[in-house]
Amino acid sequence: MAIRLGVSLYSYREAWYREELDMRGCIRELASLGATGVELFAGYQNIGHNHPDLSDWEIARFRDLLEEFGIEPVCFDSMFGWSPHRGRELTYAEARMMVEKELKLLSRIGFRFLRMPYYLAFQRPLMADCLSMAEYYGVTFGLEVHAPMTMRCDRVTSFVELIEAKKTRFATLIPDLGIYSNRLILRLRENALREGAREECLREIDEAYAAKTLSVLDEAKLSEPEKAYLKHARSQVMDDPELLVPLAPYIGHIHAKFNEVNAGGRDTNIAYERIIPVLQRIGYDGYLCSEYEGQAYYQYGKYGTYAPEVEQVRRQHALLRSLLQ
Amino acid sequence: MLLEKYMLCDEGFHNLFDEHGETRGFQFLMRSTYYRSVRLSLIEGLTVKVDGKEYRREQIRLTTREGTFSLDEMTTMPELYWEFGEKAVVTVLEQDGLGRGNNEPYRKLDVTLNLRVSYAFKGFSASVCKLVRQEC
């Protein structure tokens with residue numbers, strides 16, 4: 001099996017919010033891209049009401065829609081919300097029940113992966129219970145490796161130890177490819193310039209980012225927009241794609257994060273040309289689900305424009321297909 | 001904040017009349033600016049001011065697809081959601097509505113939404129002040 005392409009509908013969240021795309025519109029767009037998988041993020045594009053207690057009819061309607069366009073459900077990004085009740089936390093039994101309801105829903109729809117929030121992944125007794133339930137429902141728990149995490153950070157190591165200790169097939173890593181940001185976000189840099197940042201200071205930050213010397217950069221002389229750019233730089237990481245190699249058995253799903261693919265078809269931020277060959281070499285045969293997150297950088301001032309979400313995902317798919325050939 | 005420019009809708013801001021044609025309040029449309037659907041029980045506060053006049057918590061009702069509820073009622077509703085992007089009707093019960101005889105076409109609407117969210121210690125808060133056209 002080769003690497004397959006999908007889209008997280010999180011990419012289209014503003015179009016959805018503005019009522020320009022409905023579920024059918026989203027799935028039709030995926031099919032037109034030649035994608036075969038869909039990822040959903042809890043609380044955005046809903047399949048039905050009263051999550052996680054969807055009716056059989058709501059689920060059938062969604063499954064029929066996917067079938068019509070030849071799309072399969074891949075991953076669901078869960079956000080449980082640990083404080084639904086005013087004035088108290090959930091009890092252990094309530095939390096476990098909340099996770100079980102989610103697993104049951106995902107298995108009814110046919111999702112293979114549940115991307116869990118960090119607060120669940122590191123609650124060990126609860127996580128152990130969750131893994132036993134996961135096996136019953138046939139849904140795999142995924143820990144997202146998102147910047148500023150890297151493939152060698154403590155959380156990843158400790159999660160891999162858990163997978164080994166439990167000898168389970170129902171827990172996996174989900175790298176978010178934003179951890180391979182070899183350049184800072186271009187549009188953010190342009191916004192900083194518009195707010196009065198000095199070109200030479202931004203260049204210094206860019207160079208320090210590339211040389212991994214941000215921690216020794218002298219902050220005192222920077223203006224506010226320059227400091228904001230530095231803060232952004234410190235939240236980004238350029239991990240080494242070769243570190244995927246030893247972790248290959250633990251990678252079940254991937255978020256193909258991106259912020260901008262320019263008109264020339266190049267990702268201005270993330271090193272896809274370095275990542276894809278590594279994924280092919282390790283024989284990764286899961287999905288790359290596009291996750292467009294460039295919306296925030298379009299909200300510049302009072303005359304901000306909308307991010308071209310649909311067009312950006314199309315460009316990224318064209319880029320990924322050319323690299324996968 | 002990402003979605004604040006969408007929070008207060010340009011349409012749907014008007015007086016509310018009873019069957020005798022008397023004003024009994026006013027309504028406007030708003031969307032939650034939290035980045036995903038919200039459990040109704042997470043709504044800690046919704047404050048409304050029109051031209052600087054603030055209304056009491058007990059005067060406010062929120063209508064989503066789930067029904068019309070007071071703020072106190074919603075604190076007990078963890079299973080019901082205000083969906084991402086869903087336009088909810090906010091009703092303020094006020095005998096004088098938007099003010100008899102005030103025919104200014106644009107009124108200053110100032111709204112703050114406070115949510116109790118589990119990973120943010122201080123919760124989530126969004127505040128928007130905007131001139132909105134009064135329809136009647």
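If you're wondering where the values come from, they're calculated on a predicted model, not measured in any experiment. A note on names: the letters A, B, ... follow the listed sequences, proteins ahead of strands, and every chain is numbered from 1.
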[Y] versus [X], side-chain donor and acceptor atoms under 3.5 Å:
X: A/Y44; Y: A/D77; value: no
X: A/E100; Y: A/Y137; value: yes
X: B/Q59; Y: B/E94; value: yes
X: A/E14; Y: B/Y6; value: yes

Residues B/D51, B/R107; criterion salt bridge (Lys or Arg N to Asp or Glu O under 4.0 Å); working and verdict: CA-CA 6 Å; B/D51 296 334; B/R107 308 291 294 271; 2.7 Å; yes

Atom group of A/F41 that falls short of 4.5 Å from chain B, counting heavy atoms: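 For A/F41, the side chain is the part near chain B, not the backbone.
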
Residues of residues 65-86 of chain B near chain A, each having a heavy atom less than 4.5 Å away: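 Counting heavy atoms that sit under 4.5 Å from chain A, the residues of residues 65-86 of chain B involved are B/R65, B/E66, B/T75, B/P78, B/E79, B/L80, B/Y81, B/E83, B/F84, B/G85.
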
Contact residues of residues 13-32 of chain B (partner chain A; heavy-atom separation under 4.5 angstrom):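 Against chain A, the residues of residues 13-32 of chain B that fall inside the cut-off (heavy atoms, under 4.5 Å) are B/R31, B/S32.
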
Most chain B-contacting option - heavy-atom pairs closer than 4.5 Å, from A/H49, A/E19, A/Q45: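 Result: the option with the highest number of such pairs is A/H49.
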
Within 6.0 Å of NZ in A/K104, more than 12 heavy atoms from elsewhere: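 Counting other residues, nucleotides and ligands, NZ of A/K104 stays at 12 neighbours or fewer.
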
Partners meeting ring pair (Phe, Tyr, Trp, His ring centres under 6.0 Å) with A/Y292 (sequence neighbours left out):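 By the ring pair (Phe, Tyr, Trp, His ring centres under 6.0 Å) rule, A/Y292 matches A/F258.
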
A/R108/A/E58 under salt bridge (Lys or Arg N to Asp or Glu O under 4.0 Å): CA gap, chis, key distance, verdict: CA-CA 11 Å; A/R108 285 167 73 203; A/E58 287 167 325; over 6 Å; no

Summary of salt bridge (charged side-chain N to carboxylate O under 4.0 Å, His left out) pairs that have at least one residue in residues 20-29 of chain A, sequence neighbours excluded: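 Residue pairs with at least one partner in residues 20-29 of chain A: A/R18-A/E20, A/R24-A/E68, A/E29-A/R314.
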
Aromatic ring proximity, centroids under 6.0 angstrom, A/H51 and A/F76: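 Yes, close enough.
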
